2 protein chains.
Amino acid sequence: MKKYIPILKRTKLFAGVAEDEIDAMLSCLDARLHEYKKGEYVLREGEHLNHITVLVSGELHIQRDDYWGNRAIVNRIAVGEMFGEAYIAPESGALLNDVVAVEDSAVIFFDVRRIITVCSSACRFHSMVVQNLFFAISQKNKTLVQKLGHISKRTTREKLISYLSEEAKRQNSASFTIPFNRQQLADFLSVDRSAMSNELCKMRDEGLLEFEKNQFKLL
Amino acid sequence: MKKYIPILKRTKLFAGVAEDEIDAMLSCLDARLHEYKKGEYVLREGEHLNHITVLVSGELHIQRDDYWGNRAIVNRIAVGEMFGEAYIAPESGALLNDVVAVEDSAVIFFDVRRIITVCSSACRFHSMVVQNLFFAISQKNKTLVQKLGHISKRTTREKLISYLSEEAKRQNSASFTIPFNRQQLADFLSVDRSAMSNELCKMRDEGLLEFEKNQFKLL
DNA sequence: CTCTTTCTGTTGTAAATACAACCGACTTAT
DNA sequence: ATAAGTCGGTTGTATTTACAACAGAAAGAG
């Protein structure tokens, strides 16, 4: 687990905490490392979670499949990001979604109660972590609202424009790479892949954008 | 403002805090009361917010209108609920949505920094409020994921079933009242009102449910 | 009470989407 | 090298949805 301390240092959760302090906090927070192969489930819908988790290697999707096999990708977790923040409250109930490794991944689990209950003075940076967690959850909240903004658009084209222009803004460039292939993007935006592919090509023919694989450019 | 203390006592934010303690905390948290008439904007997209707010009277919608006049209702705030938790972080940027009073409403604003920075021992219950805020944000997060689950369904019928069965579950009865009229429900689920109305009637004719105004019964 | 406004359901048409099936390019495994 | 699998684009059709327009019922104003 110690090899991931430099990664933890760069996460929102441990922002401003020195590496040796993180090292000291690992046991205080009862940190546990788990590893997953590509395609493995980290957590399944219906399970109960009493941990805050941080992805330290690989990539995860928060997703849900319905009876008919339609997949909805609720969120994508990149290295350094957290998940499980929606289940901090004691009465928060079972997981609503599956969490799946889309690459070989490593996840560190932290005991929720140990985080939010500030411990003895041994952890001098604990209160900073609590505040970081505040900000991180708050920001995740905002991310979800943004995603709602995308998929509440009525047409596939509008959803694409909404999503792509936010990515351009976020990456601060008209040229950018998206972290999804076509099927994943379709699942993320809740549309049919072929219809979306069709629409993307129409938009390209109309001169709105260019793309090749995951590389997009808005014009 | 004092007349709303009994209401505050019943909110998630002040759960477990006695009324006289809340009274004492109001000034500590720099609480300010604002009132709005039905239809007035509490906040507008693009503004900056440095407060956590609690609705103590009336009803609010978090919504957004696009260029073509399509309205998306992101969330509904009932008495005792908070909003603005997505903008706690210092770098969280401008509001993504409008906040509108759909009834005559009263809102109390609390200074964010004063909440998350635990003050002197005068506020003995401050740390409890911090923990309450944690749980409340976390739960809001979960609510947003649930809403994503509804509108990521492909057809109007599936969206309706998803929403209505959750309401039934939440209200713990096959008969329940929803807090939206038809237009608002359509805006909430991101579908066309007339198409939705049509679909509801088809479902009724097929014996899936009964309804009258806002009163629904799943069969 | 009457007039106006709002709400809900209905219908027809045009547009958009889902679905299935297929193809070619490319990658990976054996 | 060959075969199998993955990925993205294309097409046609059936289904679904949006949109506009209208009508009756209910609610609210004067």
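All figures in this text were calculated on a predicted structure; none of them were measured in a lab. Throughout, protein chains are lettered first and strands after them, A, B, ... in sequence-line order, and every chain is numbered starting at 1.
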Which of residues 186-208 of chain A have a heavy atom under 4.0 Å from DNA chain C?
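A/V191, A/D192, A/S194, A/A195 - these, ordered by number, are the residues of the stretch whose heavy atoms sit under 4.0 Å from the strand.
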Contact list please: residues 155-162 of chain A against DNA chain C, heavy atoms, distance less than 4.0 Å, in numerical order.
A/T155, A/T156
Could you pull out all residues at least two apart from [X] that satisfy salt bridge (Lys or Arg N to Asp or Glu O under 4.0 Å)?
X	answer
B/E85	B/K140
A/D30	A/R32
A/R64	A/E45

Show the nearest heavy-atom pair for residues B/V54 and B/F110, with the distance to one decimal.
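It is CG2-CE1, 3.8 Å.
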Presence of salt bridge, B/R44 and B/E47, under 4.0 angstrom:
no
Are B/R157 and B/E199 close enough for a salt bridge, meaning some N to O gap below 4.0 Å?
yes
Counting only heavy atoms from other residues, nucleotides and ligands, does the tally under 6.0 Å from CD of B/E206 exceed 12?
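Yes, enclosed.
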Within this structure, what is the [atom1]-to-[atom2] distance between [X] and [N], rounded to whole angstrom?
X	N	atom1	atom2	result
A/Q183	D/dG8	CD	P	9 Å
A/K153	D/dA18	NZ	P	14 Å
A/N214	D/dG8	CG	P	7 Å

With the criterion being N/O to N/O and under 3.5 Å, what pairs connect the protein with nucleotides 26-30 of chain D, and how long is each?
none

Using a heavy-atom cut-off of 4.0 Å to chain B, what are the terminal contacting nucleotides of DNA chain C, in 5' to 3' order?
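Taking any atom under 4.0 Å from a heavy atom of chain B, the span is C/dC7 to C/dA18.
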Residues two or more places apart in sequence or in another chain: which of them pass side chain to side chain donor-acceptor pair (under 3.5 Å) with B/D23?
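Only B/K2 meet the side chain to side chain donor-acceptor pair (under 3.5 Å) criterion with B/D23.
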Residue list, side chain to side chain donor-acceptor pair (under 3.5 Å) with B/N181, at least two apart or on another chain:
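With sequence neighbours excluded, B/N181 shows a side chain to side chain donor-acceptor pair (under 3.5 Å) to no residue whatsoever.
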Once salt bridge (charged side-chain N to carboxylate O under 4.0 Å, His left out) is applied, what residue pairs with a partner in residues 182-198 of chain A remain, sequence neighbours excluded?
none
For residues 78-101 of chain B, pull every pair meeting ring pair (Phe, Tyr, Trp, His ring centres under 6.0 Å), keeping only residues two or more places apart or in separate chains.
none
Ring pair (Phe, Tyr, Trp, His ring centres under 6.0 Å) pairs, two or more places apart, involving residues 138-157 of chain B
B/H150-B/Y163
Has B/K169 got its NZ or CZ under 6.0 Å from the middle of the six-membered ring of B/F176, at an angle within 45 degrees of the ring axis?
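No, B/K169 does not sit over the ring of B/F176.
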